[in-house]
Amino acid sequence: FIRKVALGLLAVMVLGGSVFWATRQAAVWQGVPGLNRLAKIGAMDSSVQTRLIALGSSWQAFKDRPLLGWGLENYKVAYNKHYNPEYARYEEAWFDRAHNKVAEVGVTQGLLGLLAYLAIFATLFYSLFKKRFFMDLDEVERDKKSDQAKKVEGENSKAGLGIGGILAAVLVAYFVQNLFLFDTPVSDFMFFSIMAFVVGMSGVVESETNKGVKKSIDLNMGRPFFFRRLILGLVVLMAIFTVFYSLYFYNYIPARQSWIYRRAADTGVGEKIVDDSPRFLEPYNFIQPTLRFQLLETSSKGNILRDPVFTPLVSLAIESMEEVVKREPDYEPRELIILAETYNEKGKDDPELLKKSEGYLRKALILSPRRQDIFYILAFTLAGQGRFEEAVGVAREAVALDSGVGKAHYNLGLELALAGQDHWDEAEKELGVALDINFVGNHFRGFTEEDYKNIVIIYKKMLEVYIPKRDEERVLRIVKRLKQVDLTFGEDMDIIADLVQKNQWDILIASLNSEGN
């Protein structure tokens, strides 16, 4: 009966899966949680492409240090160093994990670690399918059993085979899903539970098969051997001390710091956060980089950064993050970037701070030399110092990394526009390339709201210059682009285009002057 039910369920799963895959584009699946995402997966899906690109970066990182790897929890260091600029065609997210367990183990622990990881699965499969796991005793033992005992043993063997098959299927599913994801506490708990069950069952079976076998192993347990007991006692005390030390310093204190910070931050009162800061910023431990990053991220918002009331909070956030980059200078470029962005914002009132921002960004480029968004911020920083030609040069470097990234062309266009009217033709061209690349389907992707505003501002500034010059060709080009960027401009742009084509420039110039006044 169980076999028939199992076969029926398997047939339903295969048939249902086939129907779903054949009709995955149907609207009915788009509203089903879980299946709606699965229905969109394909070879050209952005999530698939980013994982393939990350896999290539992992391979390059593995080749760098093939034997021992980059070290535990250092995947992001290796990934940033070997970042593939093509990734920016789809998104600008940062990978802390490989989204592929095998790749991550290979990068962080090298070939030796990867072999050890794969050996775990090999050992589990060996334990599942070896003869003893199925309670199948050898022929000598079998001959001593009654027919009834042999029948029970046969049933036990079949049951063991079924359990082994189920566990094997679970392990295969777990291994396959780890080729696309990374471990979480839930998956770790399930995996270790299965390992414990397999090892425990193997031990029980071995114990059953060894009944009646006498082993003469003298462990000297009956002798009151003082030094042996002393050593054993010291080992137990050290183990207890290590457990409690780890629980206190590596679990309780970080959790308490996080709780204190979150409670203070939720108040939204700068003085409260500053007053509580000694309790959540000390002692320094593994949670501090993340906690201080969040503190600076919150404090570096424009309305807070420029408000004198929050000056103590902003200073505290900057100083705490600067301590992080001093302690861990070669680990995380995002910490350098957020400091640079904060100094860029403060540099609007004090241009000297832009030099500090530049220094942090150049250090970030050492850690991730092909990451385009670092080039973007550096170009902005240089432009803020009036070094427009250098800013344009940095923006060109970002485009050269991968010319298929629309955001890179946008930033080059922005820097060219800031560099002066002599560069406006090229700026217009680069912004056009950016719009063409990022226009997918019936909408734009890859642009923020701020990016749209900047494009509109640049185009409008160009119109203010080109209309008085009666430059028909340029005005019509820009009008067309403004309609593409924002449909709400459509009617106004059509009016401008109609007046230009009718050579009624005086009306346009008069309208422009009235708006200026």
Side-chain angles (χ1 to χ4, degrees), residues 41 47-84 87 93-133 160 163-206 239 242-243 246-247 250-251 286-287 290 328 330-332:
I41 292 179
S47 63
V48 174
Q49 290 299 312
T50 53
R51 278 165 170 74
L52 291 175
I53 292 170
L55 199 60
S57 297
S58 300
W59 172 243
Q60 296 301 321
F62 174 78
K63 290 194 296 183
D64 248 12
R65 302 182 182 182
L67 191 59
L68 298 177
W70 290 72
L72 294 174
E73 299 300 320
N74 279 345
Y75 177 80
K76 59 183 175 182
V77 179
Y79 176 77
N80 290 332
K81 193 73 175 178
H82 293 276
Y83 174 82
N84 185 345
Y87 185 91
W94 293 76
F95 263 37
D96 293 335
R97 301 287 181 184
H99 293 268
N100 183 307
K101 182 67 175 180
V102 175
E104 184 167 332
V105 171
V107 171
T108 58
Q109 301 176 48
L111 182 61
L112 296 180
L114 181 58
L115 290 175
Y117 177 72
L118 296 176
I120 294 174
F121 290 91
T123 303
L124 289 173
F125 276 99
Y126 173 76
S127 299
L128 283 173
F129 291 106
K130 66 181 181 180
K131 187 176 182 182
R132 296 298 186 194
F133 189 82
I163 294 173
I166 293 172
L167 292 176
V170 171
L171 288 172
V172 169
Y174 170 77
F175 186 85
V176 171
Q177 71 105 28
N178 270 2
L179 297 178
F180 305 94
L181 299 171
F182 48 83
D183 269 327
T184 64
V186 173
S187 62
D188 276 336
F189 176 78
M190 295 177 64
F191 180 54
F192 286 115
S193 298
I194 291 172
M195 282 200 296
F197 179 77
V198 173
V199 172
M201 284 297 295
S202 298
V204 169
V205 174
E206 290 295 335
T242 301
V243 169
S246 299
L247 288 174
Y250 298 114
N251 292 272
F286 70 89
I287 201 176
T290 301
E328 305 171 19
D330 302 322
Y331 188 63
E332 177 58 88

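Because the structure is a prediction, the values reported are computed rather than measured.
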Q.
As a quick check of understanding, evaluate side chain to side chain contact (heavy atoms under 4.5 Å, CB included) for L179 and V102, giving each step before the final call.
A. CA-CA 7 Å; L179 297 178; V102 175; 3.8 Å; yes
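- How far CD1 of I120 is from CG of L115: 11.5 Å, rounded to the nearest 0.5 Å.
- Between the side chain of N251 and the backbone N or O of S246 there is at least one donor-acceptor pair closer than 3.5 Å.
- For Y250, the OH atom is loosely surrounded, since the number of other residues' heavy atoms within 6.0 Å does not exceed 12.
- In this structure, the separation between CD on Q60 and NZ on K81 is 14.0 Å, given to the nearest 0.5 Å.
- For the residue pair D183 / Y174, a side-chain donor-acceptor distance below 3.5 Å is found, with atom types taken as modelled.
- Side-chain atoms of N100 and R51, non-hydrogen and from C-beta on, never get closer than 4.5 Å to each other.
- Of all heavy-atom pairs spanning S57 and H82, the tightest one is OG-O, 3.1 Å.
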Please list, one pair per line, the donor and acceptor atoms closer than 3.5 Å that link side chains of residues 66-78 to other protein atoms, with sequence neighbours excluded.
residue: W70; atom: NE1; partner: A61; partner atom: O; Å: 2.9
residue: E73; atom: OE1; partner: R97; partner atom: NH2; Å: 3.0
residue: E73; atom: OE2; partner: R97; partner atom: NH2; Å: 3.4
residue: N74; atom: ND2; partner: W70; partner atom: O; Å: 2.8
residue: Y75; atom: OH; partner: S58; partner atom: OG; Å: 2.7
residue: K76; atom: NZ; partner: E332; partner atom: OE1; Å: 3.2

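- Distance check: Q109 CD to L114 CG gives 8.5 Å after rounding to the nearest 0.5 Å.
- Atom OG of S187 sits about 6.0 Å away from atom CG of N178, to the nearest 0.5 Å.
- For the atom pair OG1 (T50) and NE2 (H99), the distance works out to 7.5 Å, reported to the nearest 0.5 Å.
- Nearest heavy atom pair, residue G106 against residue F62, reads O-CD1, 3.2 Å.
- Between F125 and A168 the shortest heavy-atom distance is CE2-CB, 3.7 Å.
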Could you list the donor-acceptor pairs under 3.5 angstrom formed by side chains in residues 188-199, with sequence neighbours left out?
residue: S193; atom: OG; partner: F189; partner atom: O; Å: 2.7

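- Ring-plane geometry between F175 and Y117 is classed as parallel, the angle between the planes falling under 30 degrees on a 0 to 90 degree scale with a further cut at 60.
- Taking CG from L128 and OG1 from T123, the interatomic distance works out to 11.0 Å, rounded to the nearest 0.5 Å.
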